[in-house]
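Heavy-atom basis, side chains included; hydrogens, waters and symmetry copies ignored.
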Amino acid sequence: DTWWGDKDYPDSVVLGIGKNVPSAVYGPASAVALAIGLYCVAQSNLLNILSGSTINGWYVAGSLMVPYSWGLHVACWIQKQNGK
């Protein structure tokens with residue numbers, strides 16, 4: 001059961017296969033993913049006008065690490081709240 005309306009945070013079971021991963025792993029993984037993602041955003045110049053000749057697919061793919069890092073951050077918070 002994943003209902004957690006009576007508490008301020010969910011149980012670790014909402015993380016699925018990551019329910020036994022400690023927050024000490026999720027936290028640094030989140031920081032690494034954010035650093036890679038921000039580097040790729042900066043290098044790919046995604047905030048400016050892009051053309052077919054200026055797009056580097058690896059940087060665009062790497063920039064997807066930014067939202068992924070948020071998910072890892074939330075997983076870290078859930079595990080920390082549950083004492084893991």
Side-chain angles (χ1 to χ4, degrees):
D1 188 17
T2 58
W3 172 253
W4 52 281
D6 55 341
K7 297 189 328 183
D8 291 335
Y9 53 88
D11 289 326
S12 294
V13 72
V14 300
L15 299 175
I17 61 172
K19 65 184 177 190
N20 294 323
V21 177
S23 63
V25 172
Y26 279 130
S30 174
V32 168
L34 181 64
I36 291 170
L38 291 177
Y39 174 80
C40 289
V41 167
Q43 292 300 312
S44 66
N45 208 9
L46 287 176
L47 302 177
N48 292 323
I49 297 173
L50 299 174
S51 69
S53 63
T54 62
I55 295 177
N56 182 330
W58 289 108
Y59 287 147
V60 174
S63 68
L64 295 175
M65 295 297 280
V66 174
Y68 185 69
S69 72
W70 176 81
L72 289 171
H73 171 77
V74 171
C76 177
W77 176 80
I78 290 171
Q79 292 296 69
K80 195 148 198 85
Q81 295 300 315
N82 285 300
K84 294 184 180 180

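- Considering all non-hydrogen atoms of both residues, C40 and S63 come closest at CB-N, 3.6 Å.
- Here the CD atom belonging to Q81 is positioned 10.0 Å from the SG atom belonging to C76, to the nearest 0.5 angstrom.
- Here the options are V32, I36, L38, the test is side chain to side chain contact (heavy atoms under 4.5 Å, CB included), and the partner is M65; only I36 passes.
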Legend entry - Check against side-chain contact (heavy atoms from CB on, under 4.5 Å), V74 and W70: CA-CA 6 Å; V74 171; W70 176 81; 3.6 Å; yes
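- One N or O on the side chain of S23 and one on the backbone of K84 form a donor-acceptor pair closer than 3.5 Å.
- Heavy atoms of other residues, nucleotides or ligands lying less than 6.0 angstrom from NZ of K80 number 12 at most.
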Donor-acceptor pairs are to be reported for all side-chain atoms of residues 13-22 against protein atoms at under 3.5 Å, with residues two or more places apart or in another chain.
none

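- Listed by chain and residue number, Y26, A29, S30, A33, Y68 satisfy the side chain to side chain contact (heavy atoms under 4.5 Å, CB included) test with L72 (two or more places apart in sequence, or in another chain).
- Interatomic distance, OH of Y9 versus CG of N82, reported as 5.5 Å (0.5 Å rounding).
- Residue S69 holds its OG atom at 11.0 Å from CG of L64, rounded to the nearest 0.5 Å.
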